[in-house]
*Asks:* 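Sharing a structure here in structure tokens format.
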Amino acid sequence: MFSKLLIAARGEIAVRIIRACREMGISTVAVYSQADQPSLHVSLADEAVCVGPPPGKDSYLNMSNIVSAALITGAEAVHPGCGFLAENASFAELCQACGLVWVGPSPRAMEEMGNKARAREIAEDAGIPTIPGTKGAISGESDALKFAKRHGYPLGIKAAAGGGGKGIRVVLTDDDLLPSLQAAQTEAQAAFGDSSVYLEKWLESPRHIEVQVLGDEHGTVLHLGERQCSVQSRNQKLLEEAPFAGLPGDLRARIAESAVKVARAAGYSNAGTVEFLMDRQGGYYFMEMNTRIQVEHPVTEAITGLDLVKLQIAVAAGEPMPLQQSEVRFLGHAIECRINAADPDRNFAPCPGPVGSLRLPGGLGVRIDTHLYAGYEIPPYYDSLVAKLITWGQDRDEAIARMLRSLDELQVGDRKTTIPLHRRILNSPRFRANDVSTSFLETLQ
């Protein structure tokens, strides 16, 4: 096992990893920008190194500075968390070339599954259902017009190297096709440094379901159940649940088996998430694979009792999986609300600034992952996620009731947050009836 690990992340996920390392007896090195010097992850880590000025591109995306921080502090491994460089194969390769262990999948698996077009091909070759789409990235406008003529509308244009809901356009008519294609390519280039896109048939109001997988370097690949992630705004998840309530057992088993097949086909080790879209008839289709720990991993931890970050670190150290598929147990229901310092009434405009007072919820079945503290000032340079509130219950109704109670207790000074929106979602009759899809928020009263 490692004696020292560097965390190439900030915010609540950095705090989460530090806590896991502390329990494992591993010393931690935090990296931070000049704006994040007062951040909680900096004070909790055993050591901390400033890697650049406030903008992420100059600090948390500065590969050479982060690797240098690992080497000068004697770290043996790098955990990328989620976001920033977490799915950057070049960064993983750089770490390994410098003698550092990468806490994640191999660079090759990251490259293959990180490219959505290539990931589709791998899934198709493994016999997994996929949404009708182009075979790889399209070469130009003529390919887009041919696809539209063959499959009709609506169709989706997606960045091949995309993630986080960026580089996506939904096209409804011929007139919108070429302008949308150009816009998607421009956004993809700006976000990922790669303008390539692919096309697929757009499912209207599907459900978004994902399966947590975990593999080791000895050939074992497990699934840790599915999560329901359909409540979204602009392709950004707001709320996640585990398990997917009401999913027939045979369908649940097929989806989980498909996720494991995809991971095996990619030669995957460490933690990852295989994502699917499901139509109202119960048909499910591979969408993508995220080659990192997910923001919503705590709901899986809540129903399995497993610490995914500890398992990630152990697998990266070469240890075999400590359990078999038959030993994975699922108990109860868990919900996670992503608390953002943002104003839903102003198109989720970020609301950085001083937190002032802070009141956190607690009690049986309540967990909150956050880097906030009273007097902290939320910087304007990064994602607006400031906390993840997770509740567990014996069943879905108890988890919802516990979440509503916890949201009432949570106070983040005078910052605008998504807390009121979460209350509306949880109190919605459609949500209570589990009648949700990716278009749920559009019809929320």
Side-chain angles (χ1 to χ4, degrees), residues 1-33 36-51 56 59-61 63 65-67 69-70 73-88 91-92 95 100-105 110 212 214 224 269-273 290-302 304-319 336 338 367-373 376 382-383 385-390:
M1 183 49 67
F2 312 115
S3 60
K4 185 182 288 188
L5 179 146
L6 179 139
I7 301 152
R10 67 174 300 279
E12 60 82 20
I13 191 63
V15 172
R16 164 75 182 91
I17 298 166
I18 289 169
R19 287 171 172 161
C21 288
R22 184 67 55 83
E23 292 176 16
M24 298 175 77
I26 301 171
S27 296
T28 53
V29 180
V31 295
Y32 64 95
S33 71
D36 267 342
Q37 193 279 329
S39 190
L40 184 60
H41 79 283
V42 174
S43 60
L44 289 181
D46 297 290
E47 300 174 67
V49 179
C50 182
V51 289
S59 50
Y60 296 108
L61 292 174
M63 298 186 200
N65 281 10
I66 293 173
V67 169
T73 56
E76 301 157 89
V78 173
H79 194 307
C82 53
F84 292 116
L85 296 169
E87 294 183 279
N88 189 306
F91 181 55
C95 288
L100 300 165
V101 176
W102 175 256
V103 183
M110 293 173 69
Q212 178 71 59
L214 187 68
L224 303 181
S269 64
N270 218 274
T273 304
N290 288 302
T291 57
R292 53 173 166 78
I293 195 75
Q294 291 277 88
V295 171
E296 57 269 29
H297 76 272
V299 290
T300 295
E301 294 181 329
T304 62
L306 299 172
D307 188 316
L308 295 185
V309 173
K310 287 183 180 179
L311 287 170
Q312 276 193 293
I313 295 169
V315 164
E319 296 184 5
E336 174 180 291
R338 300 191 187 195
R367 166 180 169 180
I368 185 158
D369 285 11
T370 184
H371 57 287
L372 295 180
Y373 57 85
Y376 175 70
Y382 316 112
D383 187 89
L385 180 71
V386 293
K388 302 184 311 196
L389 180 57
I390 305 99

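Side chains are part of it too, since the values below use all heavy atoms of this structure and drop only hydrogens, waters and symmetry mates.
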*Asks:* Closer than 3.5 angstrom, by distance alone: can the side chain of N290 be matched with the main-chain N or O of R292 as a donor-acceptor pair?
*Replies:*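 Flag not set: sc N290 to bb R292 has no pair under 3.5 Å.
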*Asks:* Rounded to the nearest 0.5 Å, what's the gap from CD1 on I17 to CG on L6? Could you check?
*Replies:*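 Between I17 CD1 and L6 CG, I get 10.0 Å after rounding to 0.5 Å.
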*Asks:* Is E47 reaching over with its side chain to a backbone N or O of V29, donor-acceptor style, under 3.5 angstrom?
*Replies:*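 Flag not set: sc E47 to bb V29 has no pair under 3.5 Å.
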*Asks:* Stepwise, does the side chain to side chain contact (heavy atoms under 4.5 Å, CB included) test hold for E301 with K310?
*Replies:* CA-CA 11 Å; E301 294 181 329; K310 287 183 180 179; over 6 Å; no
*Asks:* Would you give the length of the straight line joining atom CE of M110 to atom CH2 of W102, rounded to the nearest 0.5 angstrom?
*Replies:*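 Here the rounded value is 5.0 Å.
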*Asks:* Test salt bridge (Lys or Arg N to Asp or Glu O under 4.0 Å) on R10 and D383; report intermediate values, then the result.
*Replies:* CA-CA 10 Å; R10 67 174 300 279; D383 187 89; over 6 Å; no
*Asks:* L308 and L224: which non-hydrogen atoms are nearest, and at how many Å?
*Replies:*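 Scanning both residues completely, I find the closest heavy atoms to be CD2-CD1, 3.2 Å.
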*Asks:* Between atom CG of L372 and atom CG of L40, what is the distance when rounded to the nearest 0.5 Å?
*Replies:*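 Reported to 0.5 Å precision, the distance equals 9.0 Å.
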*Asks:* Would you name the heavy atoms of I26 and F2 that are closest together and state the gap between them?
*Replies:*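 In terms of heavy atoms, the two residues are closest at CG1-O, 3.4 Å.
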*Asks:* Just how far is it from atom NE2 of H297 to atom CG of L306, taken to the nearest 0.5 Å?
*Replies:*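 Answer for the NE2-CG pair, H297 versus L306, is 11.5 Å.
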*Asks:* As an exercise, state the distance from CD of Q212 to CD of Q294, rounded to the nearest 0.5 Å.
*Replies:*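 One gets 7.5 Å once the value is rounded to the nearest 0.5 Å.
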*Asks:* What residues, two or more places apart in sequence or in another chain, satisfy salt bridge (Lys or Arg N to Asp or Glu O under 4.0 Å) together with E76?
*Replies:*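 E76 satisfies salt bridge (Lys or Arg N to Asp or Glu O under 4.0 Å) with no other residue.
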*Asks:* Looking only at atom types and distance, does a side-chain atom of K388 sit under 3.5 Å from a main-chain N or O of E336, one as donor and one as acceptor?
*Replies:*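 It does not hold such a pair.
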*Asks:* Would E296 and R338 satisfy salt bridge (Lys or Arg N to Asp or Glu O under 4.0 Å), going step by step from the backbone distance to the final call?
*Replies:* CA-CA 9 Å; E296 57 269 29; R338 300 191 187 195; 2.7 Å; yes
*Asks:* To check you understand the geometry: which heavy-atom pair defines the closest contact between A316 and V103, and what is its length?
*Replies:*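 A316 and V103 have their closest heavy atoms at CB-CA, 3.9 Å.
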*Asks:* Is there a side-chain contact between L61 and F91 in this structure, where contact means two heavy atoms from C-beta onward sitting under 4.5 Å apart?
*Replies:*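 Not touching, per the 4.5 Å side-chain cut-off.
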*Asks:* Going from NE2 on H79 to CD1 on I293, what distance comes out if it is rounded to the nearest 0.5 angstrom?
*Replies:*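 Separation between the atoms: 6.5 Å.
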*Asks:* Fit a plane to each ring of H41 and Y60, take the angle between them on a 0 to 90° scale, and name the class: parallel (under 30°), tilted (30 to 60°) or perpendicular (over 60°).
*Replies:*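 Plane angle between 30° and 60°, so tilted.
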*Asks:* Just jot down the ring pair (Phe, Tyr, Trp, His ring centres under 6.0 Å) partners of Y376, sequence neighbours excluded, or say none.
*Replies:*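 Once residues adjacent in sequence are excluded, the partners of Y376 under the ring pair (Phe, Tyr, Trp, His ring centres under 6.0 Å) criterion are H371, Y373.
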*Asks:* Treating D36 as the side-chain partner and S39 as the backbone partner, does any N or O pair qualify as donor plus acceptor under 3.5 Å?
*Replies:*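 Side chain of D36 to backbone of S39, a donor-acceptor pair under 3.5 Å: no, none is there.
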*Asks:* Which heavy atom of A77 sits nearest a heavy atom of L100, and at what distance?
*Replies:*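 For A77 and L100, the tightest heavy-atom pair comes out as N-CD2, 4.5 Å.
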*Asks:* Do side-chain atoms of T28 reach the backbone of L5 as a donor and acceptor pair under 3.5 angstrom?
*Replies:*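 Not at all, since once roles are kept as given, no pair shorter than 3.5 Å links the two residues.
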*Asks:* Apply salt bridge (Lys or Arg N to Asp or Glu O under 4.0 Å) to D369 and list each qualifying residue two or more places apart in sequence or on a separate chain.
*Replies:*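 With neighbours one apart ignored, the set is R367.
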*Asks:* Give the C-alpha distance, both sets of side-chain angles, the deciding distance and a yes or no for side chain to side chain contact (heavy atoms under 4.5 Å, CB included) between I313 and M1.
*Replies:* CA-CA 8 Å; I313 295 169; M1 183 49 67; 3.9 Å; yes
*Asks:* Grab the two heavy atoms, one from Y382 and one from G56, that are nearest each other, plus how far apart they are.
*Replies:*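 Between these two residues, the closest heavy atoms are CE2-N, 4.0 Å.
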*Asks:* Shortest non-hydrogen contact from A14 to A9?
*Replies:*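 Scanning both residues, the minimum pair turns out to be CB-O, 3.7 Å.
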